[in-house]
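As C-alpha cells, the structure follows; a few thoughts come after it.
What's counted below: heavy atoms across the whole structure, side chains too, no hydrogens, waters or symmetry copies. When a residue number appears, it is its place in the shown sequence, counting from 1.
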Amino acid sequence: MRGPVIARALALALTLGASRSGPAPAAAAGVPPGPAAKDVAAPPPAGPEATPDDAPDPDVMGFLSLTNSTASRDGGVKLPWEGPGGMQLKLSWDALEKRNEQLAVGDMMARSLIDAVRVFFETEGGLDPHGMRAKLAALTGAPMEEARTAYLEAVTWEERRLFFVERAMAQAEAEKVAIPGIDPDLVRRRARAIRSGAVRKVMATQIEGYGDLALGLVAYLDGDKFRALEKVRKAAGALPDFAVAHAFLGSLYFLFDQKDAAVVAWRRANELDPMNKAVREALMQYGRSPKKQAREPR
C-alpha cells in the first residue's frame, strides 16, 4: 500500500502559496509517484538550512515586496512636506520612480515563472506536460537573469533615493522636526544593508531559489528524485517564507522515507499557509508523537 501513501504525500506539493499573506489555491490530484523510494539512492540526512547572521530583516527588504511594502515608513510615498528637508525629499522622487520601474520588470519576470509552476500544480502538468516542462526549464534561463538584473538596478536606485532621504532627515533632525512617513531607524538600517552588499546578496539568493524550485519540479518529471530533492531543499532555504517550497520539500522527504524531515518541512508550510488542508491532514497523520499514535484505537 506504499504507492497510495506516496501519491497522497506528493499531492501536498500541488498547493501553491504565492506568499505568506495570501491563501493558496485548492490542491489538485496527486502526481504519479514514479519509482519507489527504495529504488533511488538515499538523500543526505536532513538538517537546518543555514542562514547568515547578518541577513537583512523583512523591513529592510520591504521596498522589494508588494505584499509587505514599507513605503509608508521609508519615504516611498510622495507625501507633501514643506518643512525642513522637503526639497531633498522631492529630489528623491526621480530615483523612486526609476526604482519602481525596475521592480515592475523584475516582478513580471519572476511572476512568469511562478505562474507557470502554479499552472503545472493545478493541472497536474497542464494539457501538454512536455510543453510545460520545456516552459519551466526555459523560464529558469534568460527570464530569471532579466529579473535578477532588474532587481539589482532597483537596489541601485533605492540606494540613490535613500541618499536624498538621509539628507532630508539630517536637515529635519537639526531643527528637531520629524518628517511624516519616515522612520529614521528603518532608513538608516536599509542604507547600511545596501551599502554593505547584504541586500543584493539576499535578493540574488531569492531569485536563484525560484529557479531551483522550478528545476526541482523539472527533475521530478524527469524521474531524477535525488536532484529534485536537492533543488527543492535549496529553494526552501532561499525562500524561507514561500509555503509551496516547504510543502513540496516535505513531500520529497516523505518519498525518501525521511518522515521526521518531512514533518519539519510540512510544519513550516503550515505556519506560512494554515489554509492548506492537505498539509494539515499530513501533519495530523504523521506529525503526532508515537505515544499519541499508539494510544489511538485502530
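Distance check, rounded to the nearest 0.5 Å: CD of Gln206 to CG of Asp241 gives 8.5 Å. We find the CD-CD1 distance between Glu145 and Ile207 to be 9.5 Å, quoted to the nearest 0.5 Å. Rounding to the nearest 0.5 angstrom, the gap separating the CZ atom in Arg99 from the OG1 atom in Thr156 is 12.5 Å. Separation of atoms CE (Met284) and CH2 (Trp266) is listed at 13.5 Å; rounding is to 0.5 Å. Interatomic distance, CD of Gln88 versus CD1 of Ile179, reported as 9.5 Å (0.5 Å rounding). Rounding to the nearest 0.5 angstrom, the gap separating the CG atom in Leu96 from the CG atom in Leu103 is 9.5 Å.
Residues meeting the side-chain hydrogen bond (donor to acceptor under 3.5 Å, both in side chains) test with Arg161, sequence neighbours left out: Glu158. When the salt bridge (Lys or Arg N to Asp or Glu O under 4.0 Å) test is applied to Asp94, the partners found at least two apart in sequence or on another chain are Lys98.
Taking 4.5 Å as the limit, some side-chain heavy atom of Met169 sits within range of a side-chain heavy atom of Val187. Using a 4.5 Å heavy-atom cutoff, the side chains of Leu255 and Leu229 are not in contact. In this structure, Trp81 and Pro180 have side chains that are in contact, with non-hydrogen atoms separated by less than 4.5 Å. Residues Val218 and Asp224 have side chains not in contact (no heavy-atom distance under 4.5 Å, counting atoms from C-beta outward). Using a 4.5 Å heavy-atom threshold, the side chains of Leu213 and Lys231 count as separate. Arg188 is listed as a side-chain neighbour of Arg192, based on a closest heavy-atom distance under 4.5 Å. Looking at Glu159 and Leu162, their side chains never come closer than 4.5 Å, going by heavy atoms from C-beta outward. Using a 4.5 Å cut-off on side-chain heavy atoms (C-beta onward), Tyr210 and Leu215 make no contact.
The existence of a salt bridge linking Arg133 and Asp222 is confirmed by a sub-4.0 Å separation between a basic side-chain nitrogen and an acidic carboxylate oxygen. For the pair Glu208 and Arg148, the salt-bridge criterion is not met [side-chain N within less than 4.0 Å of a carboxylate O]. In summary, Asp183 and Arg189 do not engage in a salt bridge, as defined by a charged side-chain N under 4.0 Å from a carboxylate O.
The minimum heavy-atom distance linking Pro143 with Ala138 is given by the pair CD-O, 3.5 Å. Gly181 and Leu79 get closest at one heavy-atom pair: CA-CD1, 4.0 Å. The minimum heavy-atom distance linking Ala238 with Gly209 is given by the pair CB-CA, 3.8 Å. Here the closest heavy-atom approach between residue Ala228 and residue Ala219 is recorded as N-CB, 3.7 Å. Ala193 and Val60 get closest at one heavy-atom pair: CB-CG1, 3.7 Å. Residues Met109 and Glu146 approach most closely at CE-OE1, 2.9 Å, considering heavy atoms.
Gln171 places a side-chain N or O within 3.5 Å of a backbone atom of Gly85 that can act as its donor or acceptor partner. Listed for the Arg268 side chain is a donor-acceptor partner under 3.5 Å among the backbone atoms of Pro240. With hydrogens and angles ignored, the 3.5 Å screen pairs a side-chain donor or acceptor of Tyr151 with a backbone N or O of Asp107. When atom types are taken as modelled, the side chain of His246 and the backbone of Arg267 share no donor-acceptor pair closer than 3.5 angstrom.
Annotation: cation-pi pair Lys259/Tyr253 absent, no NZ/CZ under 6.0 Å from the ring centroid and within 45° of its normal. Seen from the ring of Phe256, Lys225 does not count as a face-on cation partner, given the 6.0 Å and 45° thresholds.
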_Could you walk me through whether Asn270 and Arg280 satisfy the side chain to side chain contact (heavy atoms under 4.5 Å, CB included) test, starting with their C-alpha distance in whole Å, then the side-chain angles of each, then the deciding distance to 0.1 Å, before giving a yes or no?_
CA-CA 7 Å; Asn270 186 61; Arg280 291 202 311 270; 3.4 Å; yes
_side chain to side chain contact (heavy atoms under 4.5 Å, CB included) assessment of Asp273 paired with Val279_ = CA-CA 9 Å; Asp273 182 14; Val279 170; over 6 Å; no
*Given the rule in the side chain to side chain donor-acceptor pair (under 3.5 Å) test, do Ser92 and Arg167 qualify, once you have shown the distances and angles that lead to the verdict?*
CA-CA 10 Å; Ser92 75; Arg167 292 180 65 176; over 6 Å; no
*Where do Glu153 and Arg160 land on the salt bridge (charged side-chain N to carboxylate O under 4.0 Å, His left out) test, with the steps shown first?*
CA-CA 11 Å; Glu153 283 292 316; Arg160 295 180 185 179; over 6 Å; no
*Could you check Val232 against Tyr220 for side chain to side chain contact (heavy atoms under 4.5 Å, CB included), going step by step and ending with a plain yes or no?*
CA-CA 10 Å; Val232 174; Tyr220 179 79; over 6 Å; no
*Please test Trp157 against Asn100 for side chain to side chain contact (heavy atoms under 4.5 Å, CB included), starting from the C-alpha separation and ending with a verdict.*
CA-CA 9 Å; Trp157 284 112; Asn100 289 343; over 6 Å; no
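Leu64 and Val202 fall within a single hydrophobic cluster, where Ile, Leu, Val, Met, Phe, Trp and Tyr are joined by side-chain heavy atoms under 4.5 Å apart, directly or via other members. Residues Ile194 and Met203 are members of one and the same hydrophobic cluster, defined by side-chain heavy-atom contacts under 4.5 angstrom among Ile, Leu, Val, Met, Phe, Trp and Tyr. Phe163 and Val165 are members of different hydrophobic clusters when ILVMFWY side chains are connected at heavy-atom separations under 4.5 Å. Follow the hydrophobic side-chain contacts under 4.5 Å out from Val199 and you never reach Leu186; the two are in separate clusters.
Of the options Asp57, Asp185, Asp74, Asp59, a salt bridge (Lys or Arg N to Asp or Glu O under 4.0 Å) to Arg190 is made by Asp74 and by none of the others.
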